[in-house]
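This report refers to the structure that appears directly beneath it.
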Amino acid sequence: MSDHSAAIEDFLLERRTFPPPRAFRDAAAVSDRSLYEAADADWEGFWAAQARELVDWYEPWTSVCEWDLPFATWFAGAKLNVSYNCLDRHVEAGQGDRVAFFWEGEPGDRRVITYSDLLDEVCRFANVLKGLGVERGDRVAIYMPMIPELPVAMLACARIGAPHSIVFGGFSSEALAGRIQDARAEVLVTADGGWRRGTISGLKPNADAACAECPTIRHVVVVRRTGQEVAMVDGRDLWWHDLMGGAATECAPERMDSEDLLYLLYTSGTTAKPKGIMHTTGGYLTQIAFTHKYVFDLKAESDVYWCAADIGWVTGHSYIVYGPLANGATGVMYEGTPDFPDRDRWWEIIERYRVSILYTAPTAIRTFMKWGSELPAKHDLSSLRLLGSVGEPINPEAWVWYHENIGGGRCPVVDTWWQTETGSILISPLPGVTTLKPGSATFPLPGVGAEVVDDHGNRVEKGGGYLCLTRPWPAMLRGIYGDPERYRQTYWSRFEGRYFAGDGAKVDDDGYLWLLGRVDDVMNVSGHRISTTEVESALVDHPAVAEAAVVGAQDPTTGQAIVAYVTLKASEVASEERGEELRTHVASVIGPIARPRTVIFTDELPKTRSGKIMRRLLADVANGRSLGDTTTLADPSVVEEIRSRASGGSADEE
Ligand code: WT7
């Protein structure tokens, strides 16, 4: 245990290590330290070399990186087009028949889309947008389910230089309206609805409600997906298929500046107005192509890559659409939920398409743990060779479960840390190089500067603190749309000269980085600052536990006391003894200081739409009630309260 004054203390010690399997390393894109060495010697030169190798440019840059803290310019003066890089160049190189996406709808309908098909559709929709008066620089809002028309719309925007702003299809009409208003978008692309767990989610009615508050919207383009009756406003609303039927299949890509806006993506807070995160063109494409190639060890000719996120999140922007397509990869896209029609839908998809790389989130992995390992065991998952994780700290036990039950013990697991703001993965293993430790995102990638600092901004060589980025990176956000001061305040004011990510992290004896969750969630028990992640990992370490969320509740003696919400595996039963056992288990794994005062069993934890546990809501519940000193056995009113507040809260809550 480290000293008392540490920013965040360091309790858990995970000793298991997994070096790259011999066969994996021998075939890997990189299996030595050459990329790290090149980047350490000259990080700007390193990024310039990656930009030349991975991206096609119409005109070269005059400088690699201009840094006027906190405003960066990457590849100044260079010209390129993202849709050209994702499509035309592969078709010109004779790869037009390669599959870009194996798409599967939730009801079971399927489409196979080649690079030639995609180029054709993208050109047509680019012409449709032009026909609707969309010009270079105009913002286009997109509110769609996971159907092929979504990447088509994105790439069409990129082709004509109109930045897109995608709003996740699960968001409410108010969330959509707020984002359209902030971006002053002129066209909205949506669908009648989408399939979710066997029922139709109505997108068009939400779009209509939003547009009533958005005078900037001139046209709404509607994809027919589910076929239910929808209202169409005369003169404003147009069917996708009507417009596409008459559109030409040639559309010259715009020559965009490296720093032209590629897209806006809004991140929300619980209270504040969502921030329009700005991502631009040349640096972004360079870094996501680089990370997609090396973090996933991509072999474009043979891999079938599945990032199971929704394109409405940054993960989908960077690692379903732009990164994989820039690299000429073959991807899988799935519309629906993992439990429709049955809880083995994902394993069925992996078996059907012979998926070799799977990229998903800890929340999904813990759900599959809860459902049981018999489900993946029923399927042939032998095509998998690499697994990835993103979105939250992955508890060591979930990592090991994923490695064994999905990866058959043979696939490296890359735990990738990044944010909407970073645009690209920044901290992650390179699977042919790095010895893995379950639960650690390991090291900053080549070219990335990251460090852990204490309350005063001094570098922490070992122990816990705040994660900072020490230099600009090509895919970094360029600001918050329309609010440069908020950009500076939010990210660049806490520690001088550094980007503060809002996350706690610790460094171990070997220099590995371990993410500890958002610093706002850190608990203070008798003066010890304890990360939620470590206590949750200790709980998930118990064989009966599938998932856990811990929060601090006011306590007259200790300042804050730890309250644990626990979901057991499907085969386990909650009992008072079980609660006692879990409290003791945490005390033995971490130390008596971290023993939860209260354990509450619940079937589900409240989560954001992107799958992150809503600890603040749980903390409100814990603080609003006097919870006893022991196990609160499946207290139905607590669970009810969590549920009602999770569903009644703003759909925007993040
Ligand atoms: C926050 C960013 C990055 C795409 C999806 C989420 C947490 C993300 C990890 C990881 C620990 C992680 C952080 C980060 N996070 N990846 N591998 N280990 N924490 O994007 O919604 O902008 O969220 O997600 O707290 O700050 P986002």
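We count ligands from 1, going down the list as the structure has it; atoms in each ligand are counted the same way.
Under 3.5 Å, the side chains of S610 and T608 contain a donor-acceptor pair of N or O atoms.
Counted within 6.0 Å of CD on E496, heavy atoms from surrounding residues, nucleotides or ligands total 12 or fewer; the atom is thus considered open. Atom CZ of R518 has more than 12 neighbouring heavy atoms from other residues, nucleotides or ligands inside a 6.0 Å radius.
Taking each of R518, E392, H317, Q419 in turn, the one with a heavy atom nearest to atom 18 (N) of ligand 1 proves to be E392.
Where the criterion is an N or O separation shorter than 3.5 Å, residue side chain and backbone included, T267 fails it with respect to ligand 1. Not one N or O of T315 is nearer than 3.5 Å to an N or O of ligand 1, by distance alone. The shortest N or O to N or O distance between S610 and ligand 1 is not under 3.5 Å. Any N or O atom pair closer than 3.5 Å counts here, and V390 shares no such pair with ligand 1.
Residue G391 places a heavy atom less than 4.0 Å from ligand 1. The shell of residues lying under 4.0 angstrom from ligand 1, judged by heavy atoms, excludes W313.
Taking every heavy atom of V314 and a limit of under 4.0 angstrom, the matching atoms of ligand 1 come to 4 (C). Close approach of ligand 1 to T416 is summarised as follows: ligand atoms under 4.0 Å from at least one heavy atom of the residue are 9 (C), 10 (C), 16 (N), 17 (N). Close approach of ligand 1 to K612 is summarised as follows: ligand atoms under 4.0 Å from at least one heavy atom of the residue are 1 (C), 6 (C), 21 (O), 23 (O), 24 (O), 27 (P). If you number the atoms of ligand 1 from 1 as listed, the ones under 4.0 Å from a heavy atom of T420 come out as 20 (O), 21 (O), 22 (O), 27 (P).
Cation-pi geometry between R494 and Y466 is met: under 6.0 angstrom from the ring centre, within 45 degrees of the axis.
Tested against L445, the residues T416, I427, L426, I425 include a single side-chain contact (heavy atoms from CB on, under 4.5 Å) partner, I425.
Ion pairing of E451 with K506 is absent here, as no side-chain N (NZ or NE/NH1/NH2) approaches a carboxylate O to less than 4.0 Å.
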Would you check, one step at a time, whether the test ring pair (Phe, Tyr, Trp, His ring centres under 6.0 Å) holds for H317 with Y322?
CA-CA 6 Å; H317 284 61; Y322 292 122; 7.2 Å; no
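Separation of the Y359 and W306 ring centroids does not fall under the 6.0 Å cut-off.
Of the heavy atoms in A441, none comes closer than 4.0 Å to ligand 1.
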